[in-house]
Amino acid sequence: MKAEQRLLLQRCLAGIGEARPAGGHPLLLDDRAIGWLDQPRAALLRSLWPALQLEGKTLRWRSAGRSVDALSDEIGAIAEALRARGEISGWRNERYRCEADARSAARGRALFRLERAAFRFFGLRSRAVHVNGWTTEGRLVCGRRALSKATDPGALDNLAAGGLPADEAVLACARRELWEEAGLAHAQSRHLQWRGLIHARRIEAEGLHDELLHVYTLQLPAAFEPRNRDGEVSEFLSLTPEQLCQRLAEFSPDAAAVVALELLLQGR
């Protein structure tokens with residue numbers, strides 16, 4: 001790998017986890033920090049959620065010892081109200097888990113479950129899996145996100161990637177995504193290799209994107225031809241390491257960081 005390519009990849013990986021913006025309003029569940037909202041979203045949220053307390057700059061939600069289901073119902077109703085106002089788009093009818101501790105590869109205890117499309121509005125931390133797939137010729141197989149995708153439509157992506165649902169194990173999610181997005185049978189994905197965890201954080205139009213990316217790599221079977229099964233991938237490309245470096249800007253930010261990590265680890 002050339003020195004300028006290594007520097008490019010290091011910058012790509014380092015730039016994925018931006019610091020939380022100055023100002024705004026931290027969101028706490030009792031005394032636990034769980035999210036972050038900018039000023040306009042915080043003001044709107046308070047108008048819809050009278051139980052939410054403003055203490056200086058902090059928004060505090062009191063659990064009062066209620067169950068995970070009860071808390072899920074309460075914040076879920078607020079998310080539905082925001083959706084009705086057009087503040088949350090791309091509704092999936094799929095819930096993520098807000099965790100008591102979401103800093104390591106191990107999943108934390110569920111505090112509540114919430115529609116995945118609402119996570120950015122509240123600035124909650126989510127998880128996703130990303131899989132890089134190598135051909136026997138040393139090329140990385142990448143998918144192009146369908147134009148119908150709610151986030152990053154048309155961008156290049158990893159062989160398979162997807163958000164981690166509330167009650168699915170990480171490895172099971174990776175294997176399911178490989179089948180749905182690339183047509184790789186479970187028996188063919190049994191040799192998935194763990195690559196690490198990337199923390200992605202940045203401001204998007206929908207709010208704060210704060211996500212832990214579980215990264216895997218896989219040596220693909222000889223003569224494997226990916227076939228998308230869920231309509232989320234419009235085409236597949238097979239790219240050399242040099243082509244990947246040249247086209248990093250075409251990838252979604254998270255997928256680009258996952259590619260950069262893989263190339264740095266392999267020294268290609």
Side-chain angles (χ1 to χ4, degrees), residues 9 12 16 90 92-94 96 105 116 126-165 167-198 200 211-266 268:
L9 296 172
C12 178
I16 195 69
R92 311 282 187 86
N93 292 314
E94 179 185 326
Y96 281 168
R116 63 181 290 178
S126 55
R127 293 179 184 266
V129 297
H130 288 252
V131 182
N132 286 312
W134 291 96
T135 69
T136 53
E137 295 79 25
R139 290 172 171 263
L140 202 63
V141 180
C142 307
R144 186 179 298 280
R145 297 168 67 86
L147 294 178
S148 58
K149 292 283 288 182
T151 56
D152 302 311
L156 291 182
D157 207 340
N158 309 116
L159 174 63
L164 184 61
D167 298 309
E168 187 172 28
V170 176
L171 186 56
C173 179
R175 298 181 73 181
R176 175 180 55 77
E177 291 288 353
L178 279 166
W179 169 248
E180 293 176 352
E181 296 194 352
L184 194 76
H186 285 193
Q188 296 173 303
S189 62
R190 65 182 181 275
H191 297 304
L192 274 169
Q193 297 179 37
W194 168 253
R195 281 307 208 186
L197 203 63
I198 297 175
E211 192 160 73
L212 293 180
L213 313 179
H214 295 254
V215 182
Y216 291 89
T217 192
L218 180 66
Q219 185 67 50
L220 297 170
F224 170 71
E225 293 186 10
R227 299 182 186 277
N228 181 245
R229 296 176 178 274
D230 60 6
E232 295 189 0
V233 180
S234 61
E235 66 171 336
F236 290 96
L237 294 81
S238 179
L239 304 176
T240 66
E242 282 197 359
Q243 290 171 328
L244 288 164
C245 289
Q246 294 166 358
R247 302 183 66 169
L248 276 178
E250 298 180 45
F251 285 79
S252 68
D254 292 351
V258 169
V259 168
L261 175 63
E262 180 70 15
L263 294 179
L264 286 169
L265 286 174
Q266 296 212 11
R268 298 197 183 213

For Glu225, is there an ion pair with Arg227 - N to carboxylate O distance below 4.0 angstrom?
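Answer for the salt bridge query: yes.
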Given salt bridge (Lys or Arg N to Asp or Glu O under 4.0 Å), test Glu211 with Arg127 step by step and report yes or no.
CA-CA 5 Å; Glu211 192 160 73; Arg127 293 179 184 266; over 6 Å; no
Assess, by modelled atom type and distance only, whether the side chains of [X] and [Y] contain a donor and an acceptor separated by less than 3.5 Å.
{"X": "Thr217", "Y": "Gln193", "value": "no"}
{"X": "Arg139", "Y": "Thr240", "value": "no"}
{"X": "Glu242", "Y": "Gln246", "value": "no"}

Does Ala155 offer a backbone N or O that forms a donor-acceptor pair with the side chain of Asp152 under 3.5 Å?
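Here the side-chain-to-backbone pair does not exist.
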Got a donor-acceptor contact below 3.5 angstrom from the Arg190 side chain to the Ala187 backbone?
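Yes.
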Could you give me the CA-CA distance, side-chain angles and deciding distance for Leu218 and Leu178, then say whether side-chain contact (heavy atoms from CB on, under 4.5 Å) is met?
CA-CA 10 Å; Leu218 180 66; Leu178 279 166; 4.2 Å; yes
List the atom of [X], the atom of [Y], and the distance in Å for their closest heavy-atom pair.
{"X": "Glu235", "Y": "Val233", "value": "O-CG1, 3.3 Å"}
{"X": "Cys173", "Y": "Leu164", "value": "CB-CD1, 3.5 Å"}
{"X": "Pro226", "Y": "Val141", "value": "CG-CG1, 3.9 Å"}
{"X": "Cys12", "Y": "Ala257", "value": "SG-N, 3.9 Å"}
{"X": "Gln188", "Y": "Pro221", "value": "NE2-CG, 3.8 Å"}

Check the angle between the aromatic planes of Trp194 and Tyr216 and answer parallel, tilted or perpendicular using the 30° and 60° thresholds.
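Plane angle over 60°, so perpendicular.
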[atom1]/[X] to [atom2]/[Y] distance, rounded to the nearest 0.5 angstrom?
{"X": "Asn132", "Y": "Glu262", "atom1": "CG", "atom2": "CD", "answer": "4.5 Å"}
{"X": "Leu263", "Y": "Cys245", "atom1": "CG", "atom2": "SG", "answer": "5.5 Å"}
{"X": "Leu159", "Y": "Thr135", "atom1": "CG", "atom2": "OG1", "answer": "11.0 Å"}
{"X": "Arg175", "Y": "Glu180", "atom1": "CZ", "atom2": "CD", "answer": "13.5 Å"}
{"X": "Lys149", "Y": "Ser234", "atom1": "NZ", "atom2": "OG", "answer": "11.0 Å"}

Ring-face cation contact, Trp179 with Arg229, 6.0 Å cut, 45° max
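Yes.
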Verify side-chain contact (heavy atoms from CB on, under 4.5 Å) between Arg145 and Glu232, making sure each step is shown before the conclusion.
CA-CA 6 Å; Arg145 297 168 67 86; Glu232 295 189 0; over 6 Å; no
Residue of the set Ile198, Leu213, Leu9 for which side chain to side chain contact (heavy atoms under 4.5 Å, CB included) holds with Leu261:
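When side chain to side chain contact (heavy atoms under 4.5 Å, CB included) is applied between Leu261 and each of Ile198, Leu213, Leu9, only Ile198 qualifies.
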